[in-house]
Each structure stands twice: as structure tokens, then as C-alpha cells.
Amino acid sequence: LTYVIDQGPRIYIERIDITGNIRTKDKIIRREFRLVEGDAYNPLLVDRAEKRIKGLGFFKAVKVGRRPGSANDRVVIDVQVTEQPTGELSFGAGYSTSEGVIGDVSITERNLMGNGQFLRLKVGGSFTRAQIDLSFTEPRFLDKNISAGFDLFHKELDLSDSSSYKTRKTGFSPRLGFPLSENIWMTVSYTISRDEIFDVEANASPIAKDAEGTAITSALGTSLRYDTRNHPKNPNKGIYLHGSADFAGLGGDVQYVRVQGEGRAYYPLFEKVTLVGRVVAGHIEGWGGQDVRLLDVFYRGGETIRGFEQSGYGPRDLASVNRDALGGQTYWAATTEVRFPLPYISETLGMSGAVFA
């Protein structure tokens, strides 16, 4: 085989024209391109830009094409978008096997004033839980490829049935995120919170009685995320890896190191039938001669392994009346499942079936 390569003239980008964005500002779309007017045309970078624009979640349709420019070595890139609603006011109610009757109200805007910013206020609760969260994210802080945001939260839990006490947590957490590569994202955060164990029952475990009181937690955290999934909500191919580490002891009353990780893999077996594997794990350890508090250890149940009650597995004080759950310093779990569409039910409802182990 003989390959004869004749290099043609280089083509440059004359303009990037954007149409269809009534609410979203041009710069929000334009910054997803790693190209600007005057650069050499690179179809690979244009395809990646189209994928990133679709990933914003602001548009229900995105089409990127090209047409001849004013000269033979010029090309115009046309970006056509169709906007979709990005604000949501949602009311939810239901029944959970771990919490009973649950409900929540949330106001979410994923494209605040057309600037691509995320804002959410959520109030929710049940007979055993009450919480309020305010979250804000600027995905391009100071017009750099850096995200910045904060979370304000207050949460109260009634663990009387499983651990014979109640907890209250109020805090603030600013954060910064930045990409290390096309598919790897790193986040650095700081959290300060006031944590309290109260209303410990008279017949509770002595460990719970000793833990009653209030403490201030000051922690620095970091996380890494690797994501090659072909769809953020309903993927059927790709890998998702997430790992985090938290170091508490920058002031405050608490000293610990906590690491957690999760890995998911998706593989299409047949059309609309997907094999999914998931592994999660975590460990926490005190330092400076301090043991891990009862409030900071891991409590795991049905949210990690299907079928268990709240705090359903792990160490317990069998001598206490409620067989109080004491939490654990290490956990891991693995799941494999096959997902498939349900017959006679429209896919637009977002419901599917699964066989798992």
C-alpha cells in the first residue's frame, strides 16, 4: 500500500455565529469553545465544544455546523440552540421505608439570569428529618475555567428509633473546582459546622450518653471526579469515579481524617439494556489522640445496600433497649445490576426496571 498525502490549504475561523439563545448570553455558549475567531479550524475541538454545550443542560437541541466564509481559507461556524426551561419549582411527597412519609419543596435555577449560574433553595423533611439547604455555583469564576460556590445548610435528625438520640447540624461550606483534564475535575472546599447530639434517652447506650453535647467542626476537603459517561442522568456506557478526603482539625473541637470513594461502570448489553457495576467504600480515623465521635462515624443501611433499614448494618449496643446503632469507622459495598425499560410505560416518565445483586 502506498499512501500519497497532499496537504491542502489551512482553513481559519472567520466567525462563530450563535442563534436561538433568547435568554442565555452569548458568552456562556462561546466559552465552551477552545477556539476563537482567527484560529485554525479544528473539527475535533469543535465536536468537543458541541458536547460541552449539550452538557450544560440549558438547551433541548444543539447543532453545530460550518459554512464557507468570505474567502477560500475562511469558514464560519454556526451554532444553533433551542432553549429549554432551566427554572424549577418542585413539590414532592412520598413514602420512604427508612423515614416514613417524606416531603420537600425546592426552587432551582440552573441558568440564573442567563449567566449559567446555579442556585437552589430546598426545604425538606419527614417524621424523622428536617433540613434546609441553600446552594450557589458560579461555573466560570472571574471568567476562568474555575467554578466557585457555597453551601449553607441546617439539618435535624431524630434517631430515637435506631440510636436513642437526636442530632442537629448547621454549617457553611465555600468551594472551588477546576479541571485537571477533559474528564477529570478537582474540588477543594472548607466546611465549618456546629454539631450537636441532644435528647439522649435515659435507656440509651452509655456511648450515646457520653457523646451528648455540642462541638465545632472545622475541616478542609478535596475531591477528584473522573467521568466518561455518555449521558449524565441515563448513561449506558462509560465510567464514573469519585474520591474524596476530609481533614478536620483546623481549629474547632474535632480531629479526624476521612476518605471515601465510589466507582461506577456502564456497559450496553443490548439496545436499552445496560449492565451496571458499583463499588463504594469509606474509612475515618481520629488523630492527635482523639477518637472519632459518634456523630462522625458512618451509619449505613438501605441507601447503600438495598433491603436494610436505616442504620441497618454495623455495630450495635445489644444491651440497650433499642439495640442502638453505634456506626462504624469502615464500610464497603458492591452492587451489580441489569437495567432495562419497563414494557407499556413511556420512557418519558423516567421509570425503568433492574435486576440486581
Side-chain angles (χ1 to χ4, degrees), residues 98 129 131 133 135 149-157 159 162-163 165-178 180 184-197 205 207-208 210-227 240-264 278-305 308 310-316 324-335:
S98 60
R129 173 180 57 89
Q131 70 181 87
D133 299 280
S135 179
F150 65 85
D151 299 290
L152 281 169
F153 55 89
H154 176 80
K155 185 176 183 179
E156 296 191 17
L157 285 176
L159 303 176
S162 60
S163 298
Y165 61 82
K166 298 178 182 179
T167 68
R168 183 182 294 122
K169 190 180 186 77
T170 304
F172 171 68
S173 178
R175 46 187 159 73
L176 282 173
F178 48 91
L180 299 181
I184 301 177
W185 188 268
M186 185 175 185
T187 302
V188 178
S189 63
Y190 171 75
T191 302
I192 184 166
S193 64
R194 181 181 185 272
D195 311 325
E196 182 181 4
I197 292 180
S205 167
I207 299 176
D210 291 341
E212 187 173 12
T214 303
I216 300 297
T217 300
S218 174
L220 183 66
T222 182
S223 66
L224 276 175
R225 185 183 73 237
Y226 174 75
D227 193 352
Y240 175 86
L241 301 174
H242 182 267
S244 65
D246 299 287
F247 177 83
L250 303 174
D253 307 313
V254 184
Q255 295 176 327
Y256 65 75
V257 177
R258 178 176 59 203
V259 293
Q260 295 188 83
E262 178 183 8
R264 283 181 257 158
R278 178 174 180 258
V279 176
V280 294
H283 179 74
I284 186 170
E285 192 74 40
W287 66 276
Q290 187 176 110
D291 293 330
V292 183
R293 296 183 309 161
L294 196 64
L295 200 60
D296 296 320
V297 292
F298 301 111
Y299 294 88
R300 289 294 181 265
E303 80 288 332
T304 306
I305 300 180
F308 281 88
Q310 184 179 16
S311 303
Y313 65 86
R316 291 182 175 274
D324 292 343
L326 305 178
Q329 289 184 241
T330 305
Y331 76 93
W332 69 271
T335 301

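For the single chain, residues carry numbers from 1 onward in sequence order. Please read all numbers here as calculations on a predicted model, not as lab measurements.
Within the 4.5 Å cutoff, the side chain of L294 has heavy atoms near those of the I207 side chain. In this structure, I197 and K166 have side chains that are not in contact, with every pair of non-hydrogen atoms separated by 4.5 Å or more. Residues I284 and V257 form no side-chain contact, since every pair of their non-hydrogen atoms from C-beta on lies 4.5 Å or further apart. Contact of the T222 side chain with the S189 side chain is not registered, since no non-hydrogen atoms from C-beta on lie closer than 4.5 Å. Y165 places none of its side-chain heavy atoms less than 4.5 Å from the side chain of L157. No side-chain heavy atom of R168 sits less than 4.5 Å from a side-chain heavy atom of K155. Residues Y313 and I305 have side chains in contact (heavy-atom distance under 4.5 Å, counting atoms from C-beta outward).
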### Message
Working note: S163 + D324, criterion side chain to side chain donor-acceptor pair (under 3.5 Å); need CA distance, chi angles, decisive distance, verdict.
### Response
CA-CA 4 Å; S163 298; D324 292 343; 5.8 Å; no
### Message
Walk me through whether D195 and T217 qualify under side chain to side chain donor-acceptor pair (under 3.5 Å).
### Response
CA-CA 7 Å; D195 311 325; T217 300; 2.7 Å; yes
### Task
Verify salt bridge (charged side-chain N to carboxylate O under 4.0 Å, His left out) between E262 and R278, making sure each step is shown before the conclusion.
CA-CA 7 Å; E262 178 183 8; R278 178 174 180 258; 3.0 Å; yes
### Query
Can T187 and L176 be said to form a side chain to side chain contact (heavy atoms under 4.5 Å, CB included), step by step?
CA-CA 6 Å; T187 302; L176 282 173; over 6 Å; no
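The CZ atom of R129 sits 9.5 Å away from atom CD of Q310, with the distance rounded to the nearest 0.5 Å. The CD atom of E285 sits 7.5 Å away from atom OG1 of T330, with the distance rounded to the nearest 0.5 Å. The CD atom of Q260 lies 7.5 Å from the CG atom of D246; values are rounded to the nearest 0.5 Å. Atom OG1 of T191 and atom CG of L250 lie 11.0 Å apart (nearest 0.5 Å). Going from atom OG1 of T167 over to atom CG of L295 covers 5.5 Å, rounded to the nearest 0.5 Å. Rounded to the nearest 0.5 Å, atoms CG (L241) and CG (L224) are 10.0 Å apart.
When all heavy atoms of F172 and F153 are compared, the pair lying nearest together is N-CE2, 3.8 Å. In terms of heavy atoms, W287 sits closest to G249 at CZ2-CA, 3.9 Å. Between Y299 and V297 the shortest heavy-atom distance is CD1-O, 3.6 Å. Between E196 and T214, the closest heavy-atom pair is CG-OG1, 3.5 Å. Shortest non-hydrogen contact noted between R316 and S311 is NH2-O, 2.7 Å. Nearest heavy atoms, S218 versus Y190: OG-OH, 2.6 Å.
A donor-acceptor distance shorter than 3.5 angstrom exists from the side chain of H283 to the backbone of Q329, with no hydrogens or angles considered. Side chain of D227 to main chain of Y240: no donor-acceptor pair is present (N/O by atom type, distance under 3.5 Å, no hydrogens or angles). E212 contributes no side-chain N or O that, together with a main-chain N or O of D210, makes up a donor-acceptor pair within less than 3.5 Å.
Side-chain atoms of R175 and S135 form a donor-acceptor pair, as typed in the model, at a separation below 3.5 Å. Between the side chains of S244 and S223, no donor-acceptor pair of N or O atoms lies under 3.5 Å.
Ring planes of F298 and Y331: perpendicular class, angle over 60° (limits at 30 and 60°).
Checked against a 6.0 Å centroid threshold, the rings of Y226 and W185 do not count as neighbours.
Partners of R225 under the salt bridge (Lys or Arg N to Asp or Glu O under 4.0 Å) rule, at least two apart in sequence or in another chain, do not exist in this structure.
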